[in-house]
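Just so we're clear, the structure is a prediction, and the values are computed from it rather than from any experiment. Letters go in sequence order (proteins before strands), and every chain restarts at 1.
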Amino acid sequence: MQHVGSIPPVPADSHLKMIQKPQPAETKAPRLGKALKRAFFARSVHEVAPDLIGATLLLDGVGGIIVEVEAYHHTDPAAHSFRGPTPRNLVMFGPPGFSYVYRSYGIHWCVNFVCEKEGSASAVLIRALQPTHGIPAMRRRRGLHDERTLCSGPGKLCEALGITIKHSELPLDAPPISLHARIGDAEIVTGIRIGITKAVDFPWRYGLKGSRFLSKAF
DNA sequence: CTCTTGATCTTCT
DNA sequence: GAAGATCAAGAGC
């Protein structure tokens, strides 16, 4: 706990709230930082990726704080764009600031943010969120799950937010998507990426140090 | 806790 | 026909 504010006056009709269990501070919806514009993504994917840690991703107001991402680039053998444009990955070759959603293992959806500039075909895979907004809606979509594992993986967070192929190629700074900058500093950790078989040694996985909402410990 | 496996679709060989 | 930027459940320790 880094800050404790003054205690607000208690409204006369708030007696029901008084008997609720106190929530851990990290599960309360924190205030949102300034909205990220498309230009935020017009930089190296390795600058954008760590800057996304601590930012908040919402789809129709439901989502949470990004705690884990991975960076991919067309020169990277592990990237979907490595072998050139295809119908699936075409949006990666377009301008930055758009979503790229793909089907994973025939079952799951995963979402990326396109970065850099037209033709560079780089993107950040969003791998885990700390749920903060619309937690009941996310629980309904995911079934019975504890908060820690609600969005602790790229397929899980898409299911929780209701992301499907319909949400591919959408601008990241317009409804139904919104992104909000991190407030203050974050301690970023890096490591090798998860679940790939090519270019396995590049340390292009970025995470929020100590978070309990990661897909896997660093 | 770790390890294995099935589910199921798109892309590429 | 095989592989893949995954997940959940079940077996074993």
Side-chain angles (χ1 to χ4, degrees), chain A residues 41 44-53 55 57 59 63-64 66-94 96 98-116 120-131 138-170 172 188-208 211-218:
Chain A
F41 299 94
S44 161
V45 71
H46 295 297
E47 294 177 41
V48 175
D51 277 358
L52 281 171
I53 299 300
L57 166 64
L59 178 66
I66 297 169
V67 296
E68 179 184 340
V69 302
E70 285 175 359
Y72 291 87
H73 187 273
H74 82 281
T75 58
D76 167 9
H80 288 172
S81 54
F82 182 64
R83 291 169 198 284
T86 67
R88 174 175 77 160
N89 67 21
L90 191 58
V91 64
M92 284 186 76
F93 290 83
F98 287 80
S99 59
Y100 163 45
V101 178
Y102 70 93
R103 183 71 100 169
S104 174
Y105 289 90
I107 304 175
H108 310 289
W109 300 105
C110 296
V111 62
N112 294 252
F113 299 160
V114 177
C115 294
E116 209 154 314
S120 77
S122 65
V124 177
L125 171 67
I126 309 304
R127 285 196 54 93
L129 305 179
Q130 171 182 327
M138 292 194 277
R139 265 196 229 281
R140 277 196 298 278
R141 293 189 180 115
R142 292 270 294 131
L144 292 174
H145 278 280
D146 65 88
E147 214 162 285
R148 189 181 66 80
T149 57
L150 207 48
C151 298
S152 62
K156 298 181 196 179
L157 73 90
C158 282
E159 185 176 36
L161 271 61
I163 294 174
T164 71
I165 194 64
K166 288 187 279 191
H167 301 99
S168 198
E169 308 187 25
L170 294 181
L172 298 174
I188 313 284
V189 288
T190 64
I192 61 171
R193 295 172 292 181
I194 307 280
I196 57 174
T197 56
K198 298 170 207 153
V200 295
D201 292 331
F202 293 113
W204 291 341
R205 176 178 178 232
Y206 300 87
L208 180 62
S211 172
R212 54 187 272 259
F213 299 95
L214 302 171
S215 68
K216 187 169 180 267
F218 276 78

Select from A:Thr197 and A:Leu157 the residue whose nearest nucleotide in DNA chain C is closer to the 5' end of that strand. A:Thr197
Flag the pair A:Arg139 / A:Leu150 as yes when at least one side-chain heavy-atom distance between them is below 4.5 Å, and no otherwise. yes
Examine the base of C:dA5 for any acceptor or donor lying under 3.5 Å from a partner atom in the side chain of A:Tyr102, and report the outcome as yes or no. yes
Would you say a side-chain N or O of A:Arg142 is under 4.0 Å from OP1 or OP2 of C:dC7? no
Tell me which nucleotide among B:dC9, B:dC12, C:dT6 gets nearest to the side chain of A:Thr86. B:dC12
Hey, what do you get for CG (A:Leu161) to CH2 (A:Trp109), rounding to the nearest 0.5 Å? 15.0 Å
Which part of the nucleic acid, if any, lies within reach of A:Leu125 when heavy atoms closer than 4.0 Å are counted: base, sugar-phosphate only, or nothing? base
Could you give the NZ-to-P distance, from A:Lys156 to C:dA5, as a whole number of Å? 18 Å
Do any side-chain nitrogens or oxygens of A:Lys198 fall under 4.0 Å of OP1 or OP2 in C:dA5? no
Starting at atom CG of A:Leu90, determine the distance to atom P of B:dC12, rounded to an integer number of angstrom. 12 Å
Exam field: side chain A:Thr190 to backbone A:Pro203, donor-acceptor pair closer than 3.5 Å: no
Check the pair A:Phe213, A:Ser152 against side-chain contact (heavy atoms from CB on, under 4.5 Å), reporting the backbone distance first and the verdict last. CA-CA 5 Å; A:Phe213 299 95; A:Ser152 62; 5.6 Å; no
Using whole Å, what does the distance between atom C1' of nucleotide C:dC7 and atom CG of A:Leu150 come to? 14 Å
Starting at the 5' end of DNA chain C, what dot-bracket string do you get if Watson-Crick and G-U pairs under 3.5 Å are bracketed, crossing pairs use [ ], other-strand pairs use | and unpaired bases use dots? ||||.|||||||.
Using a 4.5 Å cut-off on heavy atoms from C-beta on, say whether the side chain of A:Tyr72 contacts that of A:Ser81. no
Distance, rounded to the nearest Å, where A:Lys216 contributes NZ and C:dA5 contributes C1': 14 Å
In whole angstrom, what separates A:Arg83's CZ from C:dA3's C1'? 11 Å
Counting any heavy atom closer than 4.0 Å, what does A:Arg193 reach on the DNA or RNA strands: base, sugar-phosphate only, or nothing? nothing
Going by side chain to side chain donor-acceptor pair (under 3.5 Å), name the residues that satisfy it together with A:His46, two or more places apart in sequence or in a different chain. A:Tyr206
Value in whole Å for how far the P atom of C:dA5 lies from NE2 of A:His73: 18 Å
Rounding to an integer number of Å, can you tell me how far A:Arg88 CZ sits from B:dC12 C1'? 10 Å
Atom CE of A:Met92 to atom C1' of C:dA5: distance rounded to whole Å? 10 Å
Determine whether a donor-acceptor pair (N or O, by modelled atom type, separation under 3.5 Å) exists between the side chain of A:Ser168 and the backbone of A:Val101. yes
If only side-chain N and O atoms of A:His108 are considered, is one of them under 4.0 Å from the OP1 or OP2 phosphate oxygen of C:dC7? no
